[in-house]
Amino acid sequence: MSYSIEKIASLLGVEIYGGREGSVSFLLTDSRSLCFPEETLFFSLRTERGDGHNYISELYARGVRFFVVEELPCEWEKLYSQASFLKVSSSKRALQRLAACHRDEFHIPVVGVTGSNGKTVVKEWLYQLLSLSKRVTRSPRSYNSQIGVPLSVWLLNEQTQVGIFEAGISKKGEMEVLRNIIKPTIGVLTSLGDAHQENFVSMEEKCREKLRLFTDVDALVYPYDDKLIRSCVDTFSFKGKRLGWSVKDTSVSLFIKDIKKSELSTTITYIWTQEKEDSYTIPFIDDASIDDSITCLALCLYLGIKKEVLKARMPLLEPVAMRLEVKEGQRGCTLINDSYNSDINSLDIALDFMNRRPDHKGRKRTLVLSDILQSAEDDEALYRRVASLAEKRGVEKFVGIGETLICHRKAFDNIKDRCFFATVGGFLSSNAFRQMHDEVILLKGARCFGFEQLTEMLVNKVHETVLEVNLNAIVDNLNWYRSLMKPQTKLVCMIKADAYGAGSVEIAKTLQDHRVDYLAVAVADEGVTLRKNGITNNVMIMNPEMSSFKTLFDFDLEPEVYSFRLLEALIKAAEKEGITGFPVHIKIDTGMHRLGFDPVKDIDELIHRLQKQSAIIPRSVFSHFVGSDSDSFDDFSSQQFALFKQGADKLQGAFPHKILFHMDNSAGIEHFPYRQMDMCRLGLGLYGINPRSNKCFNTISELKTTILQIRSVPKGDTVGYSRKGVISHDSMIAAIPIGYADGLNRHLGNRRGYCLVNGKKAEYVGNICMDVAMIDVTGIDCKEGDQVEIFGKNLPVTVLSDILDTIPYEVLTNVSNRVKRVYFQD
């Protein structure tokens, strides 16, 4: 649907500044995701960490002509003569109001889904069950926030017959805003969990806050057997039908009479509103999936979907893979694997993700797409939209797989490099597949097409040990520390030592995407790697070597300067290259006694030498707290800070330009908020480890492997080199493909440390070898091929560092580069 800019101004109750007329079909809150500029309305959102008004000039140059602003740009009539501005008091509230007005245009069933666990799966399964016969619009991925919900509701169009929208909250007061946007006619409450519990007094308070979404619904589906939820629903003031489901109480709307699990599926027998019993089967056996399917069953039956239809569709439910993976591929390719679903909205999000990732290797952006199965839209119109979207998102090569795509291949004529195949097998046996090289490849296919074969053939073949890195967790940690900082304080993110073992390039791309101010690495070569992979952020080099000066200049890498010898050599090298005003970062030693200028003895001489030349210029001055992680060092930290200020203030006083001051590290951001100054440096905290408590608070990486072999070893025998692993009782010993060459410390051997097999502790037996370790799985229900967690969410890396009497840094950075990194977004 589209609205004239005049209509939008009327809905928002504001004036239009500027004479541009036209229609709006797309709402934009992030300048990086622009796709259809001529039909886009940009909302200049102000947050604690950014201001959308700063991107108006860029977006105008790219063709955007409609803007919602809180203040008009300077000289807007002259600089933006072809634009129209809607001036509002709050861009966020305007976005929410516009979405609410758009929602009012539809008189259809709208489902609001909330809860702590399972809400995204329920939303997606409802889509799978309903979209074969109805036109369904639902939230993309997890667009369930104060910004995500209005963007989701805006997707409603003339063809929509059912809307399904997910609502998530993190604190009191948020749900009422979302209710006014979604205006659900049917409510779904999945379950309660601990997520965001820190912002609620009790679970009951959180439950009641979530129930605010359903004030005016006609019916509410909820788990009746949860006593807390049942109690809150019973006392909740709404007049709609209460569609509780239960495995215990026969009087509820949906009684689950029996649940029978087989090896690969589950059959659920149920009674709906006291009618004759019936049953259905799902291809899952885990309890969460069973509960989610029952929730979907209740809502579908309420909507009038016939039992025989549900019986036929339930076995076809596909897993909801709520993560988008980035893997290193063969022949210079990068794979972006998104098996989340195969509809056009999720395709747009995946294409946006691919398009926003910087790539300076000149590689083609390739889309491999299967037929889109879950759509009631006319095929011809659907694939015209897909082709237009692919072209706008920068796809240079298209591979279509499926009979329907073959029938509509003409829609893709504007993409010069294109080919079509009936099956994945046909593509795999073609020259088109064999000739793939140096491409960024997005794999987007319905599961029935077997796209896992493509992944298997394209991904780099390495051994079965992998380090999985959650890019969303990186962003969450970044934002948590940002929340402790003043909005104007800049941030340096430390990604030295290959981003503490997580992989510097992918971490840097994610951080750049979220607009951090600086990245910091140890040596120039690390900075060069970032530049060659498309990183344009300012990059600080913490340990520049004399031999690297030419590299620093060529790649715009800003060195730390900590001694007069380094200073003079750098000045001389810059002058030889004819360089002036090259930024450097001055390090002051206030007590670490590692590197740095003395803030008392050296500062006058430092100023003198800097002032008598023009080749380099101090961009920042910094020092490092020795003990911000411990209260016992607070007095010494105060002395350090006083020394730093003494030297830094003197340096600033000698120059007219602004020099950035920074001293707080991860622990300092939390412990010394009043010492943030101009900038902070975020290191270990970014990777989910609190340096103050030495506890993992949001794990970003998991080191995993698999069981190669299990054998019975009798009492008295030994395991491993030098017969160190003496077996005291008949045991089951498993071999796993990870050793000290992969970063598994040898000191964890001989039962000092353990890993997890199916959630159970399995001690390392005997000496850890270069490529293999042996673990005791006696009494653990496991088999060859089962996954083993070396560290991760269930076994924090700090447990290993404590056993080894070291710090988490060492464990993380020791993970070898031969271990494959797999990156994903939830």
Side-chain angles (χ1 to χ4, degrees), residues 328 465-471 473-474 477-478 481 491-512 516 518-533 535 537-545 547-548 551-552 555 557-560 562 585 587 592 594-595 622 624-625 629 662 665-668 680-691 694 696 698-703 738 740-745 790-792 796-798 800-801 804 806-823:
E328 184 180 348
T465 300
V466 299
L467 184 73
E468 293 186 345
V469 181
N470 185 340
L471 298 177
I474 284 281
N477 296 341
L478 171 69
Y481 276 96
L491 189 62
V492 185
C493 285
M494 313 300 293
I495 56 171
K496 59 184 179 179
D498 203 26
Y500 293 44
S504 62
V505 171
E506 290 299 330
I507 300 302
K509 287 179 178 180
T510 298
L511 295 172
Q512 177 169 284
V516 301
Y518 267 93
L519 301 172
V521 294
V523 295
D525 286 347
E526 291 180 306
V528 172
T529 298
L530 297 182
R531 289 286 187 247
K532 288 184 176 179
N533 282 276
I535 300 303
N537 258 78
N538 294 86
V539 177
M540 191 182 299
I541 307 299
M542 306 303 285
N543 301 109
E545 297 164 320
S547 59
S548 70
T551 301
L552 298 176
F555 289 92
L557 305 172
E558 303 175 20
E560 166 189 318
Y562 52 81
H585 302 270
K587 186 167 189 176
M592 178 76 78
R594 185 171 60 183
L595 296 170
F622 70 102
H624 198 92
F625 283 116
D629 54 345
H662 52 110
N665 51 10
S666 297
C680 298
R681 300 188 303 275
L682 181 58
L684 192 60
L686 181 66
Y687 303 93
I689 300 170
N690 188 316
N694 197 40
C696 292
N698 190 17
T699 301
I700 69 112
S701 61
E702 295 186 88
L703 183 58
I738 184 171
Y740 57 78
D742 301 293
L744 184 63
N745 196 298
I790 305 301
F791 64 73
V797 68
T798 50
L800 274 64
S801 61
L804 295 167
T806 185
I807 54 177
Y809 294 81
E810 183 177 345
V811 179
L812 292 171
T813 57
N814 277 347
V815 178
S816 166
N817 283 330
R818 79 175 187 178
V819 173
K820 179 176 69 174
R821 270 70 171 170
V822 174
Y823 301 91

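All values below come from the heavy atoms of this structure, side chains included, with hydrogens, waters and symmetry mates left out. As the structure is a prediction and not an experimental result, all values here were calculated from the model.
At a threshold of 4.5 Å between non-hydrogen side-chain atoms, the residues L812 and F791 count as touching. The side-chain heavy atoms of L530 and S504, taken from C-beta on, include a pair separated by under 4.5 Å. Looking only at side-chain heavy atoms (C-beta outward), F622 and E560 come within less than 4.5 Å of each other. Side-chain atoms of Y500 and I689, non-hydrogen and from C-beta on, never get closer than 4.5 Å to each other.
Here CG of L557 is found 5.5 Å from CZ of R531. Values are rounded to the nearest 0.5 Å. Between the NE2 atom of H624 and the CZ atom of R594 there is a distance of 6.0 Å, given to the nearest 0.5 Å. The structure places CZ of R681 at 14.0 Å from OH of Y481, a figure rounded to the nearest 0.5 Å. Here the CD1 atom belonging to I790 is positioned 8.5 Å from the CG atom belonging to L800, to the nearest 0.5 angstrom. L467 CG to D742 CG: the interatomic distance, rounded to the nearest 0.5 Å, is 11.0 Å. The distance from the CG atom of L686 to the CD1 atom of I495 is 9.5 Å, given to the nearest 0.5 Å.
The 12-atom threshold is not exceeded at NZ of K496, counting heavy atoms of other residues, nucleotides or ligands nearer than 6.0 Å.
T813 places a side-chain N or O within donor-acceptor distance of the main-chain N or O of Y809, the cut-off being under 3.5 Å. A donor-acceptor pair under 3.5 Å is absent between the side-chain atoms of N470 and the main chain of I700, judged by distance alone. A donor-acceptor pair under 3.5 Å links the side-chain atoms of S666 to the main chain of G683, judged by distance alone. A donor-acceptor pair is defined here as one N or O able to donate and one able to accept, closer than 3.5 Å; such a pair exists between the side chain of N477 and the backbone of N698. Of the possible donor and acceptor atoms, none in the side chain of E810 sits under 3.5 Å from a partner among the backbone N and O of I807.
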Check against side-chain contact (heavy atoms from CB on, under 4.5 Å), N538 and E558: CA-CA 8 Å; N538 294 86; E558 303 175 20; 2.8 Å; yes
Test log, rule side-chain contact (heavy atoms from CB on, under 4.5 Å), inputs N745 and T806: CA-CA 11 Å; N745 196 298; T806 185; over 6 Å; no
Step-by-step side-chain contact (heavy atoms from CB on, under 4.5 Å) determination, V521 to T529: CA-CA 11 Å; V521 294; T529 298; over 6 Å; no
side-chain contact (heavy atoms from CB on, under 4.5 Å) assessment of V469 paired with Y687: CA-CA 10 Å; V469 181; Y687 303 93; over 6 Å; no
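Minimum heavy-atom separation, V516 to N537: O-ND2, 2.7 Å. Smallest separation of non-hydrogen atoms from R821 and G501: NH2-O, 2.8 Å. Contact between G503 and I507 at its shortest, heavy atoms only, is O-CG1, 3.1 Å. C493 and L478 make their closest contact through SG-CD1, 4.0 Å (heavy atoms, listed as atom of the first residue, atom of the second, distance). Closest approach of T551 and A524 over heavy atoms only: CG2-CB, 4.2 Å. Scanning both residues, G527 and V539, for their nearest heavy atoms gives CA-CG1, 4.4 Å.
Checked against the 6.0 Å centroid criterion, the rings of Y518 and H585 qualify as a close aromatic pair.
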